[in-house]
> 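Below is one structure. I have some questions about it.
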Amino acid sequence: MNELRKDVAASIAAAVPGLEPAEAYRQIETPPDPAMGDFAFPCFQVRAQFGNAAPPAVATQLAAKVAKPACILRIETKGPYVNFFADPGVLAKSVLSAAFAAGEGYGRNETGKGQTVVIDFSSPNIAKPLGIAHLRSTVIGNGIRRLWQACGYTVIGVNHLGDWGTSFGKLLSAWKKWGNEAELRAKGVEFLKDLLVRYTEETKKDPAYQQEARDWFRKLETGDAEAKAIWQHFRDISLAEFKRVYTLLGVDFDSWSGESFYVDQMDAAIAQLESKGLASESEGAYVVDLSAHGIKEPFLLRKADDASLYGTRDLAAILYRRKHYGAKKLIYVVAQDQKLHFKQLFMVAKLLGADVEPVHVEFGLMRIVRDGQREKMATRAGTIVLLADVIQEAVDRVHEIVADREWDAAKKDRIAHAVGIGAVIFNDLSRTRTKDIDFNLQQMLDFDPETKAFKGETGPYLQYTHARLSSALRKYGKPVAGDVNFALLATDDDKGVARQVGRFPQIVLDAATRYEPSILSRFLIDLAGEVNRFWKQQRILGDDAALTAARVLLVASARQVLKSGLTMLGIEAPEEM
RNA sequence: GUCCCCGUAGCUCAGUUGGAUAGAGCGGUGGUUUCCUAAACCGCAGGUCGCAAGUUCGAAUCUUGCCGGGGACACCA
């Protein structure tokens with residue numbers, strides 16, 4: 001695909017005095033409608049070379065002057081554009097032989113070879129159940145992680161658990177008052193959440209609770225054995241529960257080191273700040289004043305009561321990740337309400353001279369709609385929707401669909417999980433990160449109970465397309481050949497599929513560099529659209545052996561792209577559904 | 001009050017980083033299955049791109065101001 005574009009750029013450059021091929025290449029666009037051609041050259045910026053004629057006149061002159069590259073069938077002008085129509089056979093050959101040669105590796109690149117990046121994502125607070133709001137960081141982070149891996153980077157996935165902080169003082173105090181091991185075992189994290197909610201309520205009535213919580217957190221920070229043991233117990237219980245959900249989602253981490261891991265590294269980080277004269281006291285607290293660097297709000301290191309704060313642990317984590325993993329690029333997939341915090345944190349790291357390139361990959365908030373009113377998802381308000389429940393709901397719906405398939409129970413179960421979870425994940429990854437989203441199960445799992453089917457731009461749509469192609473290839477039953485007669489792939493339907501397959505490598509790179517899995521999601525939707533149109537209009541396995549071989553190669557390539565793309569999004573691609 | 005994000009079809013969203021008649025899905029409506037999976041495909045209807053100026057040959061896209069929604073703004077994470 002890019003080779004064709006290069007050929008076109010070379011011809012244009014040869015026809016326009018002073019235009020470098022690289023610049024011509026950059027200016028080439030893809031027409032909005034395939035009927036207008038495969039490559040378009042806009043004639044606005046080269047008017048000087050054509051006597052400052054009007055762009056449409058320039059287009060006419062240029063079209064007459066430009067030498068037709070071998071890969072181009074014909075050249076037409078339309079208004080101010082010179083449009084190039086690629087020879088479908090040449091296009092197919094260029095794209096499909098590259099895809100065939102790369103096999104499962106098609107779409108991957110080596111941009112990040114030898115470089116390590118750390119990506120911090122999901123990072124829930126223990127003692128709170130995983131809600132639907134945690135889905136965003138988890139699946140976006142997982143997608144970015146896989147995309148960067150596809151670009152050749154070594155990616156360390158870190159779940160920076162919220163397992164330290166003053167709220168654990170509350171929790172410990174609450175546990176001492178109302179704790180119940182049997183209930184904890186039965187209800188798990190839900191019980192811890194209830195304790196915290198109750199404690200917060202009581203604190204409003206009786207300020208003494210506040211002091212007791214502080215005392216318990218102090219005990220925890222100073223290594224009190226009882227406090228530490230209870231805390232460890234809570235952490236273990238939470239983690240076991242989280243891991244069940246992560247397993248369902250197919251997400252794993254290289255490190256589960258949360259905030260508590262950095263507790264004994266905080267003093268060293270503060271000492272470094274002090275040695276550079278960056279730390280100071282303000283209103284009883286210990287802070288880094290950033291007002292000279294365009295940030296009014298100071299960065300808090302320690303509270304007035306000397307208790308530590310999460311920012312300090314985050315700073316210690318930056319230093320640790322740079323040193324221990326040798327990573328310069330540090331990616332944080334965290335909701336945008338923490339934007340200021342990361343702005344401050346990164347500034348402090350910079351002032352400290354840390355040799356890192358941190359980036360906050362922010363995403364919009366998820367809120368729940370209730371009685372037509374939007375509410376921010378909040379644990380204490382009881383407006384939390386459990387992630388595990390949503391996943392179960394999705395899986396149940398797919399079970400309904402596959403109920404009358406002639407599969408054994410295990411297979412039904414496997415497919416139901418793959419498809420149901422695929423629907424949930426894709427729903428989140430198909431929108432631009434930064435937009436706020438309303439939680440809407442109906443729309444998330446766009447399911448028609450009458451026809452028993454998912455509809456529209458969903459994960460199941462992509463999986464279905466993949467399954468269809470897999471089915472055809474299964475029926476074909478022979479190995480896919482790479483040396484076919486590409487000229488036979490001549491219809492617009494063939495060309496449409498081939499063109500999309502050819503875009504894949506660039507899409508992977510774009511999605512990774514912009515930390516935007518939705519770029520890949522949208523692309524896969526477009527590809528599936530082309531594939532399904534092709535499927536309806538054309539026959540893959542026919543009487544003509546040569547045509548069949550060519551189409552099998554086309555279909556195998558499209559199937560591979562769907563599979564790789566879904567995998568990069570963290571979604572399974574079953575062969576049947 | 002200051003700063004940040006968002007505003008595109010009834011609803012949910014794309015829009016190739018400033019280019020051609022602004023595109024999908026859902027919902028509405030009318031069609032497509034002797035054939036590789038109809039969880040699919042095709043047609044029709046539906047738009048002052050929040051509003052107003054400005055920059056430009058050209059603006060949904062860039063600038064400024066306003067309106068509306070959300071968020072952040074020192075001892076929570």
Side-chain angles (χ1 to χ4, degrees), chain A residues 29-33 36 40 42 44-45 47 54-55 78-81 83 123-125 128 160 162 164-167 170 259 282-287 295-305 307 309-311 313-314 334-341 343 362-365 367 374 376 398 401-402 419 427 430-432 434-438 440 442-443 446-448 451-458 460-461 463-465 467-476 503 506 510 514 518-519 521-522 525-526 528-529 531-542 548 551 555 576-577:
Chain A
E29 299 171 12
T30 305
D33 181 349
M36 294 193 259
F44 306 99
Q45 290 172 47
R47 293 177 57 207
K78 190 168 165 99
Y81 292 87
N83 292 335
S123 308
N125 293 328
K128 284 184 188 172
H160 188 72
W164 204 256
T166 43
S167 66
K170 289 185 191 173
E259 293 188 56
S282 171
E283 297 177 26
Y286 208 38
V287 308
I295 303 172
K296 283 178 190 148
E297 299 81 0
F299 183 72
L300 279 278
L301 297 168
R302 281 195 178 282
K303 308 208 296 184
D305 67 4
L309 283 158
Y310 71 110
R313 296 187 281 277
D314 278 349
V334 180
Q336 61 189 186
D337 57 357
Q338 289 196 48
K339 198 165 181 164
L340 176 61
H341 171 247
K343 197 173 157 193
E362 65 201 284
F363 53 85
L365 267 50
R367 53 179 48 75
R374 285 180 184 164
K376 190 175 170 180
V398 186
I401 299 174
V402 299
V419 175
N427 176 262
S430 59
R431 318 145 129 65
T432 305
T434 48
K435 291 199 175 187
D436 290 347
I437 59 181
D438 291 337
N440 184 335
Q442 172 73 30
Q443 183 196 315
D446 200 346
F447 177 82
D448 185 335
T451 60
K452 288 194 178 179
F454 281 100
K455 294 171 304 184
E457 299 172 335
T458 61
Y461 174 67
Q463 291 171 317
Y464 173 72
T465 308
R468 274 182 141 182
L469 299 185
S470 301
S471 170
L473 291 170
R474 225 170 17 245
K475 186 155 184 182
Y476 180 63
R503 289 179 61 205
Q506 187 63 44
D510 288 349
R514 288 169 59 181
S518 72
I519 291 175
S521 302
R522 308 297 322 179
I525 289 291
D526 289 344
V531 166
N532 285 312
R533 185 174 309 121
F534 167 85
W535 182 278
K536 179 78 177 178
Q537 294 296 124
Q538 310 294 339
R539 184 89 196 143
I540 299 163
L541 309 174
T548 298
R551 290 218 159 125
V555 160
E576 293 173 72
M577 62 182 274

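All of these numbers come straight from a predicted model, not from anything done at the bench. Numbered from 1 within each chain, the chains take letters A, B, ... in sequence-line order.
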> Write down the distance between CG (Leu300(A)) and C1' (C73(B)), rounded to a whole number of angstrom.
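Going from Leu300(A) (CG) to C73(B) (C1'), I get 12 Å.
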
> Given the structure, check if the side chain of Glu297(A) and the base of A74(B) hold any donor-acceptor pair shorter than 3.5 Å.
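Result: no qualifying N/O pair found.
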
> Identify the nucleotide, in any strand shown, that forms a Watson-Crick or G-U wobble pair with U17(B), with both distances under 3.5 Å; if there is none, say none.
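Pairing partner: none.
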
> On a whole-Å scale, what distance lies between the P atoms belonging to G65(B) and C5(B)?
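After rounding to an integer number of Å, I get 13 Å for this pair.
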
> Could you please name the partner base of U12(B), counting Watson-Crick and G-U wobble pairs only when both distances are under 3.5 Å?
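Answer to the pairing question: A24(B), which forms a Watson-Crick or G-U pair with U12(B).
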
> Would the base of A74(B) count as contacting Ser282(A) through its side chain, where contact means a donor and an acceptor less than 3.5 Å apart?
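Answer is yes: a donor-acceptor pair is held.
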
> When the distance from CZ of Phe363(A) to P of A72(B) is rounded to whole Å, what number comes out?
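Nearest whole value for this atom pair: 14 Å.
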
> Taking any strand in view, what nucleotide pairs with G54(B) in a Watson-Crick or G-U wobble way, both distances under 3.5 Å?
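The base-pairing partner of G54(B), which may sit in any strand shown, is C62(B).
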
> Would you measure the distance from the C1' atom in G18(B) across to the matching atom in C49(B) and give it in whole Å?
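Those two atoms are separated by 15 Å.
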
> How many whole angstroms separate atom CD of Gln538(A) from atom P of C42(B)?
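Taking CD of Gln538(A) and P of C42(B), I get 13 Å after rounding.
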
> Within the 3.5 Å criterion, strictly below it, is a donor on Asn532(A) or Tyr461(A) matched to an acceptor on the partner's side chain?
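Yes, side-chain donor-acceptor contact under 3.5 Å.
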
> In this structure, how many angstroms lie between the C1' atom of C11(B) and the CD1 atom of Ile437(A), rounded?
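Taking CD1 of Ile437(A) and C1' of C11(B), I get 15 Å after rounding.
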
> Taking the same atom, C1', in G30(B) and in C36(B), what whole-Å distance lies between them?
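Rounded to whole Å, the distance is 28 Å.
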
> Could you state the atom-to-atom distance from NZ of Lys78(A) to C1' of U21(B) in whole Å?
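Between C1' of U21(B) and NZ of Lys78(A): 8 Å.
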
> Across all strands, who's sitting opposite G7(B) as a Watson-Crick or G-U wobble pair, both distances under 3.5 Å?
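Pairing partner, where one exists within any strand: C67(B).
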
> Could you let me know what C36(B) is paired to, Watson-Crick or G-U wobble, both distances under 3.5 Å, or none if it's on its own?
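Base-paired to nothing in any strand shown.
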
> Any donor-acceptor pair, under 3.5 Å, between the side chain of Asn83(A) and the base of A20(B), if you only look at N and O atoms?
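Counting by modelled atom types and ignoring angles, a donor-acceptor contact under 3.5 Å is found here.
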
> Between C44(B) and A20(B), how many Å separate the two C1' atoms, rounded to a whole number?
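It comes out at 24 Å once rounded to the nearest Å.
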
> Please check if the side chain of Asp436(A) supplies one atom and the backbone of Leu365(A) the other of a donor-acceptor pair under 3.5 Å.
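A pair under 3.5 Å: yes.
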
> Sort out the partner of U2(B) for me: Watson-Crick or G-U wobble, both distances under 3.5 Å, none otherwise.
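Per the H-bond distance test, A72(B).
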
> Once you apply a heavy-atom cut-off of 4.0 Å, does Gly165(A) come out as touching a base, just sugar-phosphate, or nothing?
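Answer is sugar-phosphate: Gly165(A) comes under 4.0 Å of backbone atoms only.
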
> What about Arg503(A): does its side chain form a donor-acceptor pair under 3.5 Å with the base of U16(B)?
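A donor-acceptor contact between them is absent.
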
> Mark yes or no for a side-chain to base donor-acceptor pair under 3.5 Å between Lys296(A) and U2(B), with no hydrogen or angle criteria applied.
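Answer no: no donor N or O sits under 3.5 Å from an acceptor.
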
> Ring-plane angle category for His341(A) and Phe299(A), please: parallel below 30°, perpendicular beyond 60°, tilted otherwise.
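Aromatic pair His341(A)/Phe299(A) classed parallel.
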
> Output the rounded distance in Å from CG (Asp436(A)) to C1' (G69(B)).
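For the pair Asp436(A) CG and G69(B) C1', the rounded distance is 9 Å.
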
> Say we look at U55(B) and A72(B): how far apart would their C1' atoms be, to the nearest angstrom?
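It comes out at 32 Å once rounded to the nearest Å.
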
> What is the distance, rounded to the nearest whole Å, between atom CG of Asp438(A) and atom C1' of C13(B)?
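After rounding, the reported distance stands at 13 Å.
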
> Within a reach of under 6.0 Å around NZ of Lys296(A), are more than 12 heavy atoms found that belong to other residues, nucleotides or ligands?
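No, because the 6.0 Å sphere around NZ of Lys296(A) holds 12 heavy atoms or fewer from other groups.
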
> Nearest of C76(B), A39(B), C36(B) to any side-chain atom of Arg539(A)?
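Looking only at heavy atoms from C-beta outward on Arg539(A), the closest nucleotide is C36(B).
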
